[in-house]
Amino acid sequence: MSCCASGDKPPRPPKPVPPLYFPTRLPAEVQSRTPENFPVPLPYNQRTTYCAEVGADYVGKSVLLCGWVHNRRDHGGMVFIDLRDRTGLVQLKFNPETDPGAHTIAGRLRSEFCICVRGHVAARPEGLANPNLKSGMIEVNVHEIDILSESPTPRFPIEENIDANEELRLEYRYLDLRRTPMQKALITRHRIAKEIRDYFDDHGFYEIETPFLTKSTPEGARDFLVPSRVIPGTFFALPQSPQLFKQLLMMSGFDRYIQIVRCFRDEDLRADRQPEFTQLDLEMSFVQAIDVQNIIEGLIARLMKKILGVEVKPPFPRMSYDQAMAEYGIDRPDTRYDLRIRDVSAVAKRCEFNVFLDALAKPDGCVRCIRVPGGAEMTRKEIDTLTEDMKGIGAGGLPLVKVAQENGAVVFQTGIAKFFNPQTTAEMCAASGAQPGDLLLFAADRVANVCKYLSWLRETVAKRRNLIPANQWNFLWVQDFPMFEYNEEDGRHYAVHHPFTAPRDEDLHLLDTTPAKAKAKAYDIVLNGIELGGGSIRIHRTEVQQQVFKILHLTPEEQTAKFGFLLEALRYGPPPHGGIALGLDRMVMLFTGAASIRDVFSFPKTARAYCPMTQAPSPVAQAQLDELYLRLNVPAKPAK
RNA sequence: GGGGUCGUAGCUCAAUUGGUCAGAGCGCCGCCCUGUCACGGCGGAGGCUGCGGGUUCGAGUCCCGUCGACCUCGCCA
């Protein structure tokens with residue numbers, strides 16, 4: 001863009017070259033001595049080392065250090081500054097008697113000023129070492145200082161632990177990232193990524209990039225769309241994953257592929273979800289599930305060892321999807337604690353409790369429960385809170401009984417105890433394994449809801465009652481997922497994993513007859529109840545792929561329109577292949593102990609996918625819309 | 001889209017049933033202080049209680065709406 005309205009102006013004089021350092025303004029009496037004390041700016045490009053690296057071996061040596069003012073302790077005479085960089089802190093000492101010029105400037109320093117100092121390193125006097133600092137044995141006697149840039153007081157302190165509100169931290173993300181825990185998280189993230197690349201390089205994988213501007217996928221998450229300027233009325237989608245590209249790379253014969261790759265999904269966010277996130281994506285040719293699992297187990301063992309110093313020993317336990325759902329109510333069970341789900345429908349059927357009876361009358365209705373050992377001690381308040389929270393996730397309520405002993409007989413108390421007679425009480429105890437002192441929590445509804453409620457209860461009770469052991473790393477493979485899930489509302493099947501997942505060989509024939517019964521060659525890797533990733537062996541035969549598409553209600557025309565390139569590629573000698581994708585962000589989160597995925601992103605977004613720092617997303621100029629042939633259709637807010 | 005928690009000084013929070021309730025700690029500013037490292041001492045500044053309505057003699061407090069943050073259900077093949 002030109003800023004000149006008229007063309008005939010004389011050439012502007014060249015702009016003065018900005019000084020290499022922020023001019024240090026001194027009080028008059030000191031400024032007059034500047035040429036003497038500070039003949040040239042300090043050569044900040046010749047840094048000796050990082051702050052926390054200055055140790056006993058530097059004693060007596062001259063050092064040049066750069067960093068930020070972390071803290072100032074001004075005694076009127078002596079001034080101490082903690083200088084901070086990405087390694088940590090070092091104490092600077094300004095002595096008015098030996099270095100009056102530097103001392104005067106030290107008086108002007110404020111938090112987060114960026115400075116460069118030269119001085120000599122001295123061992124701290126006896127008894128004055130600071131054991132909390134890595135460089136606490138020494139200090140730097142500063143002779144010269146340059147203020148490279150100043151800073152207003154930050155809206156929140158740059159400290160290890162802060163409780164500033166997160167929106168504010170995101171608005172000033174660059175300041176938040178100066179904090180040690182944030183730096184540690186991103187540095188750990190780097191180390192994990194590097195370790196991953198080294199590992200796969202060792203195992204003969206090639207990292208190959210795939211497009212971000214690609215084709216919208218019909219199923220799965222909502223796509224982020226990018227309009228094409230060149231072909232009006234058409235759109236790219238940002239990839240939800242490089243799934244098809246990596247399969248095509250197998251067809252190209254690369255045999256072993258990995259990529260640490262950004263993926264995009266336009267869905268509502270959570271504490272462990274961002275709209276753009278990073279996957280470790282891999283694909284291998286001529287493999288079965290066990291081969292992919294072996295590779296991943298090796299990777300995880302190596303990461304755990306190198307990053308955390310923890311030994312884990314493959315192979316990891318395997319669990320079928322059916323078992324996971326039956327015992328844990330979820331396809332990613334946390335096996336660090338028990339609280340397993342028991343089906344008690346048979347006994348419930350004979351209780352005069354309408355909630356149970358109504359549930360059992362429904363199609364695939366059931367009554368299941370979890371037994372909380374010693375849970376009878378839970379207070380009324382705890383139980384009421386639990387009940388309220390259950391309603392919050394959609395349950396009608398929380399039927400429960402406390403198990404007690406009276407005159408040598410086991411009895412139920414409180415809650416729905418009155419619906420049990422001695423006979424059903426005994427049978428319920430047998431079915432649930434209940435002992436006196438326990439609490440039984442029930443859910444009665446259709447299976448899907450019961451699983452949802454009880455898996456939530458399991459996790460919540462375990463957390464609230466501190467049943468989760470610390471420092472335990474329970475890796476688990478969940479496998480034998482169903483191929484499809486039948487949706488009653490629109491009367492069709494949906495892929496549980498994705499439409500390219502191969503059925504088990506022995507279930508191939510079920511695709512013709514009862515596809516809902518077919519199991520897939522799919523596997524998820526779960527750590528402590530968190531899904532780290534999932535993968536599958538893919539379909540490499542055209543006719544099977546077409547059959548699966550058909551079950552998914554894709555007409556041959558739709559198949560061609562959406563996946564023609566894949567079906568075509570499958571004609572040209574595709575190798576059997578399979579792979580997996582792991583959520584890198586979640587992995588970093590677990591390795592660093594971060595509470596939120598936002599803490600392992602450099603610049604994350606809020607729950608509304610908004611960036612308080614850049615204020616993205618934002619409106620664009622009409623001209624930009626015109627260029628893309630777009631017209632907005634934003635509904636006005638309904639007035640009330 | 002549903003449920004929950006929250007919004008008061010730069011930051012974190014308090015303010016009894018609606019009634020001297022505009023408060024504290026930290027931070028910030030000024031002065032003093034030569035061994036601090038959560039330095040210390042004295043003094044000071046700083047507020048549209050998210051925003052908009054309503055009830056009331058009176059609202060930070062109650063009601064309605066709205067905006068935003070976080071958690072969660074749906075959603076995320």
Side-chain angles (χ1 to χ4, degrees), chain A residues 70-83 89-98 103 110-111 122 124-133 135-136 139 152-172 217-223 240-241 243-244 263-275 277 385 388-395 448-449 452-453 455-456 459-460 481 483-485 487 493-501 520 522 531 534 536 548 552 581 583 595-596 598 605-608 610 612 637-640:
Chain A
H70 188 68
N71 190 8
R72 180 173 63 111
R73 295 177 293 280
D74 186 342
H75 290 255
M78 203 95 81
V79 173
F80 297 98
I81 299 283
D82 287 335
L83 186 68
L89 301 176
V90 66
Q91 174 165 282
L92 308 180
K93 190 178 92 178
F94 295 82
N95 188 326
E97 287 168 7
T98 59
H103 178 265
R110 295 294 182 272
S111 287
R124 293 209 196 176
E126 192 68 26
L128 290 175
N130 184 347
N132 298 323
L133 293 188
S135 65
E139 61 193 355
T153 305
R155 294 273 296 278
F156 54 86
I158 312 300
E159 287 167 358
E160 192 117 345
N161 299 309
I162 59 170
D163 42 13
N165 119 24
E166 198 166 348
E167 198 182 2
L168 185 67
R169 290 171 50 203
L170 288 183
E171 187 182 342
Y172 293 92
T217 49
E219 290 188 76
R222 201 174 292 116
D223 286 321
Q240 297 177 25
S241 82
Q243 179 61 34
L244 290 173
C263 303
F264 306 85
R265 293 180 192 174
D266 186 8
E267 294 293 347
D268 288 351
L269 305 183
R270 290 283 191 283
D272 59 353
R273 267 192 242 158
Q274 282 278 297
F277 60 97
T385 307
E388 281 311 305
D389 292 345
M390 277 294 280
K391 289 178 184 167
I393 67 167
N449 283 335
K452 173 179 148 191
Y453 303 147
S455 63
W456 180 89
E459 185 180 344
T460 305
F481 283 80
M483 284 285 287
F484 308 102
E485 196 171 42
N487 183 313
H493 291 91
Y494 285 87
V496 168
H497 192 59
H498 58 53
F500 321 109
T501 298
E531 184 192 328
S536 65
V548 167
L552 295 174
S596 158
R598 293 182 295 276
K605 294 178 176 61
T606 68
R608 284 169 65 240
Y610 175 76
K637 284 267 172 177
K640 284 217 172 164

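In this text the structure is predicted, and so the values were computed from the model without any measurement. Just the heavy atoms: all of them, side chains too, but no hydrogens, waters or symmetry mates, feed the values below. Protein chains get the first letters and strands the later ones, always in sequence-line order, with residue 1 at the start of each.
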Check your understanding: Now, which nucleotide makes the Watson-Crick or G-U wobble pair with rC39(B), with each of the two distances under 3.5 Å?
Key -> none
Point to revise | Distance between P atoms of rC70(B) and rC28(B) (Å, rounded) | key: 28 Å
Check your understanding: Under the criteria of a ring-centre distance below 5.5 Å and an interplanar angle below 30°, is Phe80(A) stacked with the base of rU36(B)?
Key -> yes
Check your understanding: Looking at Leu92(A), Asn95(A), Asp74(A), which hits side-chain contact (heavy atoms from CB on, under 4.5 Å) with Val79(A)?
Key -> Asp74(A)
Check your understanding: Do the side-chain N or O atoms of Arg608(A) get closer than 4.0 angstrom to the phosphate oxygens (OP1, OP2) of rG68(B)?
Key -> yes
For nucleotides 41-51 of chain B, print each protein N/O atom paired with a nucleotide N/O atom at under 3.5 Å, atom names and distance only.
none

Review point. If we take the P atom in both rA59(B) and rU16(B), what is their distance in whole Å?
Key: 16 Å
Point to revise | Strand partner of rU61(B), provided both Watson-Crick or wobble distances fall under 3.5 Å | key: none
Practice item. Take atom C1' in rU8(B) and the same atom in rU61(B), then report the distance between them in whole Å. Key: 11 Å
Exercise for review: Kindly determine whether Gln240(A) and Asp223(A) satisfy side chain to side chain contact (heavy atoms under 4.5 Å, CB included), including the steps that lead there.
Suggested key: CA-CA 7 Å; Gln240(A) 297 177 25; Asp223(A) 286 321; 2.5 Å; yes
Revision key, fill the gap. Tyr453(A) meets the ring pair (Phe, Tyr, Trp, His ring centres under 6.0 Å) criterion, sequence neighbours left out, with none
Point to revise | ring pair (Phe, Tyr, Trp, His ring centres under 6.0 Å) against Phe500(A), all qualifying residues, sequence neighbours excluded | key: His498(A), Phe563(A)
Practice item. Report yes if a side-chain nitrogen or oxygen of Thr606(A) is closer than 4.0 Å to either non-bridging phosphate oxygen (OP1 or OP2) of rA69(B); otherwise report no. Key: yes
Check your understanding: Atom NE2 of His75(A) and atom C1' of rC31(B): how far apart are they, to the nearest Å?
Key -> 17 Å
Point to revise | Pair partner, rG68(B) [Watson-Crick or wobble, under 3.5 Å] | key: rC6(B)
**Study point:** Pairwise P distance for rC76(B) and rU56(B), with rounding to whole Å
**Key:** 50 Å
**Study point:** Between rA15(B) and rC6(B) - P atom distance, rounded Å
**Key:** 12 Å
Exercise for review: For rC13(B) versus rG30(B), give the span between their P atoms, rounded off to a whole number of Å.
Suggested key: 29 Å
Exercise for review: May I ask you to decide whether Arg598(A) forms a salt bridge with Glu166(A), counting only side-chain N to carboxylate O separations under 4.0 Å?
Suggested key: yes
**Study point:** Identity of whatever pairs with rA24(B) - Watson-Crick or G-U, under 3.5 angstrom
**Key:** rU12(B)
